[in-house]
Asker: 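This is the structure I want to talk about, given as structure tokens.
Everything numeric in this text was worked out from a predicted model, so none of it was measured. Letters go in sequence order (proteins before strands), and every chain restarts at 1.
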2 protein chains.
Amino acid sequence: MSRDGRSGAESVDPEQLWLRPAEPRRGRRPSFSREAITAAAVALADAEGLEAVTMRRVAADVGAGVMSLYSYAPDKETLLELMVDHVCGELTVTDPPSGDWRADLRAVARLQRAHMLRHPWLPVALSTRRVPGPNTLAFLEHVLAVLRPTGLDGAAKLEVFAQITAFVAGHVAHEIAQGAVSRSPDRAAAEGRYLAAVAADGCHPELAEALSAPGRPLTPDATFTRFLNRLIDGLDTD
Amino acid sequence: MSRDGRSGAESVDPEQLWLRPAEPRRGRRPSFSREAITAAAVALADAEGLEAVTMRRVAADVGAGVMSLYSYAPDKETLLELMVDHVCGELTVTDPPSGDWRADLRAVARLQRAHMLRHPWLPVALSTRRVPGPNTLAFLEHVLAVLRPTGLDGAAKLEVFAQITAFVAGHVAHEIAQGAVSRSPDRAAAEGRYLAAVAADGCHPELAEALSAPGRPLTPDATFTRFLNRLIDGLDTD
DNA sequence: CTCTATTCTCGTACTGCGTACGAGAATAGA
DNA sequence: TCTATTCTCGTACGCAGTACGAGAATAGAG
């Protein structure tokens, strides 16, 4: 266990984790499964947020003792990894790329956005580096196929994938937080009063003006589309 | 305490937190200061990562009892909020906008990137919604001034600020994670072997090709600039 | 059928976290 | 000097992740 300290990205050995078809034909038969445990953890995160996902809660939901989970995942960090890849299984795309790679890429990003809105914990879970599991790789495979007509080299394509994903995650995280604030009237009111007070102090003329002339309210959807188009339209200007 | 559960964004009342010049002229004189405590927490996060920032460690570093911290911040979440705004004090920009808002915006983003690389915990800390403190607001004020020539309305300018910040955070988070992996030879090797194994299974032709024809290696710096330009160059195409 | 090696289950227990509580110390005005 | 106020911090509680190891279940060997 090499605690380097500086970053929390103590990720898991991918070979140990993903390249195990399992073959132990001796000893006690497993009572649970990695699948079931992961699914329970995902359901919990969907329903009550990531911080509700504790080993005790997951074990209880699945009907196991706490320590039994450790037969299926070496630690909680790994369970998170499994959760991320598990939900990536929903990202299956059946139709092949159309040839219009811009349109395809837009569709990919929209798919990712819907996906992350359905699993609001995903942007947070993705904010630390993950090793791609099989489902993630299947999706990546599709995105690479979409990018084929661009003629970009391998590293560049991977980079585009990472950037698009990061962009969508960032946007959705913001979108969720914004929604959570405006859904709580007292919090929204408090924030409004605070910003109004700051704007009234005379030291923030630009902010004061921005708040007094807000313009038409922006829907998250429109904003997402707009920024996404900017990003994608610029993609072949190298 | 309204635990809504679904999101971890239980933020703090901004009026209570930021609009307090402090005036208690009675009672025991404080032995420490919010400043000092926040600075200690920041130093700790810089040196050993965010997960090293515990109330006990911060208290020890500052020479206080653990519970004394709670006279300066109501809880740890708030301390994080203070840390974020504290480091935003480094973002002071003295020169006024040049008038070339694209160039100014690029400079802003580069400043943010350097800032986040100096405080690698910042992207993570920013991934949950924060109420802007005074230093953050001062920087926002500058960015709004930069955006004045665009003629965008208030909401749109704020949106641009949020997007640029999210973009930089996403990029830097990726950059840091990537760097951490490649700085550890065994981990990089394990990941390489894993991906090679996946590429060799025949089910991932695109990935196989991308890995076999990587092209010239991309420096984070160049990639950042490229994507940033794409984002900014698209900004007036509404 | 029994023995043994193997694998999984899970109660107990340890460490470390955030923080509620409240007794005591320091200070300012009456 | 007294009292109200404010800050300090030792103790303690509940919950987190998980190390340990005893016991239960299973598969092949004899």
Asker: Are A:Arg57 and A:Glu51 within salt-bridge range, i.e. N to O under 4.0 Å?
Answerer: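 No.
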
Asker: Could you check whether the side chain of A:Arg56 and the base of D:dG17 have a donor-acceptor pair of N or O atoms closer than 3.5 Å, going by distance alone?
Answerer: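 Looking at the base of D:dG17, it does pair with a donor or acceptor on the side chain of A:Arg56 (distance under 3.5 Å).
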
Asker: With nearest nucleotide decided by heavy atoms, which residue, A:Pro30 or B:Val53, maps closer to the 5′ end of DNA chain C?
Answerer: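 Looking at the nearest nucleotide for each, A:Pro30 comes out on the 5' side.
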
Asker: Touch check for A:Ser68, heavy atoms < 4.0 angstrom, all strands: base, sugar-phosphate only, or nothing?
Answerer: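 If one applies the 4.0 Å heavy-atom cut-off, A:Ser68 turns out to touch a base.
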
Asker: Over how many whole Å does the gap from A:Glu51 atom CD to D:dA16 atom P extend?
Answerer: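 Taking CD of A:Glu51 and P of D:dA16, I get 11 Å after rounding.
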
Asker: Using whole Å, report how far CD1 of A:Ile37 lies from P of C:dC10.
Answerer: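 Going from A:Ile37 (CD1) to C:dC10 (P), I get 11 Å.
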
Asker: For the pair made of CG in A:Leu69 and C1' in D:dC20, what is the distance, rounded to whole Å?
Answerer: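 Distance check: A:Leu69 CG to D:dC20 C1' gives 17 Å.
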
Asker: Looking at C:dA28, D:dA27, D:dC7, which one has an atom nearest to any side-chain atom of A:Arg26?
Answerer: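 In terms of side-chain proximity for A:Arg26, the closest of C:dA28, D:dA27, D:dC7 is D:dA27.
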
Asker: Under 4.5 Å between any side-chain heavy atoms of A:Thr136 and A:Arg130, yes or no?
Answerer: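 The answer is no, as the side chains (C-beta and beyond) never meet within the 4.5 Å cut-off.
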
Asker: Whole-Å distance between D:dG28 P and A:Arg28 CZ?
Answerer: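 To the nearest whole Å, that distance equals 18 Å.
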
Asker: For B:Leu69 and B:Val58, what are the C-alpha separation, side-chain angles and deciding distance, and is it a side chain to side chain contact (heavy atoms under 4.5 Å, CB included)?
Answerer: CA-CA 9 Å; B:Leu69 300 189; B:Val58 174; 4.1 Å; yes

Asker: So B:Tyr194 and A:Asp13, do their side chains get closer than 4.5 Å, heavy atoms only?
Answerer: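 No - every pair of side-chain heavy atoms lies 4.5 Å or more apart.
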
Asker: Tell me whether B:Asp221 is salt-bridged to B:Arg110, with the criterion being a basic N under 4.0 Å from an acidic carboxylate O.
Answerer: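 Salt bridge flag = no for B:Arg110 with B:Asp221.
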
Asker: Indicate whether the side chain of B:Glu90 and that of B:His119 have a donor and an acceptor atom separated by less than 3.5 Å.
Answerer: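 Yes, B:His119 and B:Glu90 have a side-chain donor paired with an acceptor closer than 3.5 Å.
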
Asker: Would a distance-only check, ignoring hydrogens and angles, find a side-chain to backbone donor-acceptor pair under 3.5 Å from B:Arg187 to B:Val181?
Answerer: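 Judged by distance alone, no pair lies under 3.5 Å.
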
Asker: Under 3.5 Å for both donor-acceptor distances, Watson-Crick or wobble: does C:dC10 have a partner, and if so which one?
Answerer: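 D:dG21 is the nucleotide pairing with C:dC10.
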
Asker: Calculate the interatomic distance between B:Arg57 atom CZ and C:dG18 atom P; express it in whole Å.
Answerer: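 Rounded to whole Å, this separation is 12 Å.
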
Asker: Which residues in residues 59-67 of chain A have a heavy atom closer than 4.0 Å to any atom of DNA chain D?
Answerer: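 Residues of residues 59-67 of chain A that come under 4.0 Å of DNA chain D are, in numerical order, A:Val66, A:Met67.
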
Asker: Whole angstroms only, please: what is the CZ-C1' distance between B:Arg29 and C:dG29?
Answerer: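 That distance rounds to 14 Å.
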
Asker: Under a 3.5 Å cut-off for both contacts, is C:dG29 paired Watson-Crick or G-U wobble with anything, and if yes, with which nucleotide?
Answerer: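 The base-pairing partner of C:dG29, which may sit in any strand shown, is D:dC2.
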
Asker: A:Lys76 side chain: which of C:dG18, D:dT18, D:dT8 is closest?
Answerer: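 Selected nucleotide (nearest to the side chain): D:dT18.
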
Asker: How would you label the contact of B:Phe32 with the nucleic acid (heavy atoms, under 4.0 Å): base, sugar-phosphate, or nothing?
Answerer: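 Since only primed, P, OP1 and OP2 atoms lie under 4.0 Å of B:Phe32, the category is sugar-phosphate.
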
Asker: Between D:dC7, D:dA24, C:dG18, which one does the side chain of B:Met55 approach most closely?
Answerer: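 So the nucleotide nearest the side chain must be C:dG18.
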
Asker: Return the value, rounded to whole Å, for the distance between atom CG of A:Asp75 and atom P of D:dA16.
Answerer: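 It is 17 Å, rounded to the nearest whole Å.
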
Asker: With both distances kept under 3.5 Å, what pairs with D:dA16, Watson-Crick or G-U wobble?
Answerer: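 Pairing partner: C:dT15.
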
Asker: Check for a donor-acceptor pair, side chain of B:Ser68 on one end and backbone N or O of B:Ala64 on the other, with a separation under 3.5 Å.
Answerer: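 Such a contact is absent between B:Ser68 side chain and B:Ala64 backbone.
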
Asker: Would you mind telling me which of C:dT9, C:dC17, C:dT27 lies closest to the side-chain atoms of A:Ser31?
Answerer: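 When the side chain of A:Ser31 is considered, C:dT9 is the closest of C:dT9, C:dC17, C:dT27.
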
Asker: Rounded to the nearest angstrom, tell me the gap between atom CD in A:Glu77 and atom P in D:dA16.
Answerer: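 Interatomic distance, CD of A:Glu77 to P of D:dA16: 17 Å.
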
Asker: Below 4.0 angstrom from OP1 or OP2 of C:dC8, is there any side-chain N or O of A:Tyr72?
Answerer: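 No, no such contact exists.
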
Asker: Can you work out whether B:Ser71 or A:Pro74 has the more 5'-proximal nearest nucleotide on DNA chain D?
Answerer: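 With B:Ser71 and A:Pro74 compared, the 5'-side residue is B:Ser71.
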
Asker: Of all the nucleotides listed (D:dT8, C:dG18, D:dA16), which has the minimum atom distance to the side chain of B:Thr54?
Answerer: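 Ranking D:dT8, C:dG18, D:dA16 by closest atom to the B:Thr54 side chain puts C:dG18 first.
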
